[in-house]
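Data block below; observations after.
The structure presented is a predicted model; accordingly, all values stated were derived computationally and were not measured. Just so it is clear, the values below take in all heavy atoms, side chains as well, and ignore hydrogens, waters and symmetry mates. Here is how names work: the chains are called A, B, and so on, in the same order as the sequence lines, proteins then strands, and each is numbered from 1.
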There are 2 protein chains.
Amino acid sequence: MSTHTHLSAAESLITAQGGRVTRTRVAVLEILLAADQSLTHDEIGLALAEQGIKHDRVTLYRTLDWLVESGVAHKMAGDDRARRFGVAASGPHEHAHFHCDRCGKVVCLEGLQPAVAVNLPGGYQLDRAELVLHGACPTCGKGA
Amino acid sequence: MSTHTHLSAAESLITAQGGRVTRTRVAVLEILLAADQSLTHDEIGLALAEQGIKHDRVTLYRTLDWLVESGVAHKMAGDDRARRFGVAASGPHEHAHFHCDRCGKVVCLEGLQPAVAVNLPGGYQLDRAELVLHGACPTCGKGA
DNA sequence: GTGGTTTTGCAACATAGTAGCATTTGCGCC
DNA sequence: GGCGCAAATGCTACTATGTTGCAAAACCAC
C-alpha cells in the first residue's frame, strides 16, 4: 500500500506545511478532521490506540504542538486543566468556541465571531479576541 | 488587636458569605482586592509568604476554591496551565479579561462585555459568554 | 539503496492540582 | 473567661498534565 499517488486530505495538509508524512501525524490529523468537537490529548491518544496505532504520550504532545505551530490545528485551554485541540478549518483563529457545562464537550463555532468592538481602556493594544460561550449543547439541552 | 469592632473589607466579605474569618482567608482576599490583575495560585502563595503568613499549598487551593464558590472571586484558565484568580468586583461573571501575550499578565476589564448577540446554531442554549482579549498591555506596548 | 535530517520512543523530570486524615482554630454558647 | 464542636489547616502522599534530553528508527531526496 505504498504505490498510491492519491493523498488523503490529512496527508496533503501535512506536506503543505513542509512536514514529513508519518503514521502518527496522519492518524492524529484524521482524527481531528473527523471530530465534531475539540479533543484532549488523552482522547486523541485513546482514539489512536483504538486504531491500533502504537504511539508514545510524548510523541502525541509533539505532534499536536507541531500541528498548532503549523496553523493546521488550534489549542485552547479549558476550565479543567487539559488543553483541547481542534482543526482550524477556515482562516485565522477568529472563531468562537462553545463549551457545554454539562458534558464538558467543546465545539468550534466557525464564522460567528461577533463584533467585538470593545472600547479598551487606554494603552491596550488588541491583537485578537477569543470568545468562549458557555451553556448546554443540543444533546444535553434536550434532557433539561 | 482583637477589640476592634471595625471589620476590613475582606473580613466583611468573608463573614457575609458565612465563612470563618481566618488569617489565610483575610490575607488572600486582601491580596486579591489589592491586585490590579488576576493572580495565579503561585503568585498569591508568594505574596502570603512575603507577608510572613505561614500557609500550606493545599490550604491556599482550598481557600481560593472557597472564594470562587462563594462568588467572591472568579477563576479563569489561561493559556499556560495555571488557573488565575481575581475578585469578581461587580455583578455576575459578565466581564472580559485582557491577556497580555508578552508578559502573560491577565487583567479584568469590568463593564465592557460586548454585545455577544451571536446567532448560535440550532439547539445550543447560551448561558454566559466569556471573552478574552489578547494583545499587549500598556506596559509592554510602550516598548514596541 | 544510501545518507542525512526529521520524527519517534523511552525514561526521567517538572508543575498544577487533589485526597484523606489528624490537629488546630474560630466562634457560638454557657 | 472557658467549653465544645464544626470549620479550616497542615501534612503526606498521590494523580494528572505536560516537558526535556538523548539514542534509535523512520522519511524522503538522491
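- Ring geometry, B:His134 versus B:His99: the interplanar angle falls from 30° to 60°, so the pair is classed tilted.
- Atom C1' of nucleotide D:dG10 and atom CG of B:Asp56 are separated by 5 Å, given to the nearest angstrom.
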Between B:Phe85 and B:His74, does a ring pair (Phe, Tyr, Trp, His ring centres under 6.0 Å) hold up when you go through it step by step? CA-CA 6 Å; B:Phe85 298 85; B:His74 63 96; 8.6 Å; no
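- For B:Arg57 against C:dG17, a side-chain N or O and a base N or O form a donor-acceptor pair under 3.5 Å.
- The distance between atom CG of A:Leu60 and atom P of D:dA16, rounded to the nearest whole Å, is 17 Å.
- Contact annotation: A:Thr63 side-chain N/O to C:dT8 OP1/OP2 distance is under 4.0 Å.
- Below the 3.5 angstrom threshold, one finds a donor paired with an acceptor across the side chain of A:Arg81 and the base of C:dA16.
- Closest approach of A:Glu30 to A:Ser8, counting heavy atoms only: OE2-OG, 3.5 Å.
- Rounded to an integer number of Å, the gap from B:Glu69 CD to D:dA8 P is 11 Å.
- If you check every strand for non-hydrogen atoms under 4.0 Å, B:Arg83 touches sugar and phosphate atoms only.
- The minimum heavy-atom distance linking B:Gln125 with A:Phe98 is given by the pair O-CZ, 3.7 Å.
- We find that NZ of B:Lys54 is positioned 10 Å from C1' of C:dT24, with the value rounded to whole Å.
- The minimum heavy-atom distance between A:Asp65 and A:Lys75, with the atom names listed, is OD1-NZ, 4.3 Å.
- Remark: P of C:dC10 and CZ of A:Arg62 are 12 Å apart, rounded to the nearest angstrom.
- A heavy-atom distance below 4.0 Å to DNA chain D is reached by these residues of residues 12-28 of chain B, ordered by number: B:Gly19, B:Arg20, B:Thr22, B:Arg23, B:Thr24, B:Arg25.
- Residue contacts for B:Thr40: at a heavy-atom cut-off of 4.0 Å it reaches no nucleic acid atom on any strand shown.
- As a whole-Å value, the separation of A:Lys75 NZ from D:dG18 P is 9 Å.
- Here A:Thr59 does not reach the OP1 or OP2 of C:dT7: none of its side-chain N or O atoms lies under 4.0 Å away.
- Contact record, B:Gly19 with B:Trp66: CA-CZ2, 3.6 Å, taken as the closest heavy-atom pair.
- A straight line from CG of A:Asp79 to C1' of C:dG17 spans 15 Å, rounded to a whole angstrom.
- For B:His55 and D:dG10, the NE2 to C1' distance is 11 Å, given to the nearest whole Å.
- A salt bridge is defined here as a Lys NZ or Arg NE, NH1 or NH2 lying under 4.0 Å from an Asp or Glu carboxylate O, and B:Asp80 with B:Arg84 meets this definition.
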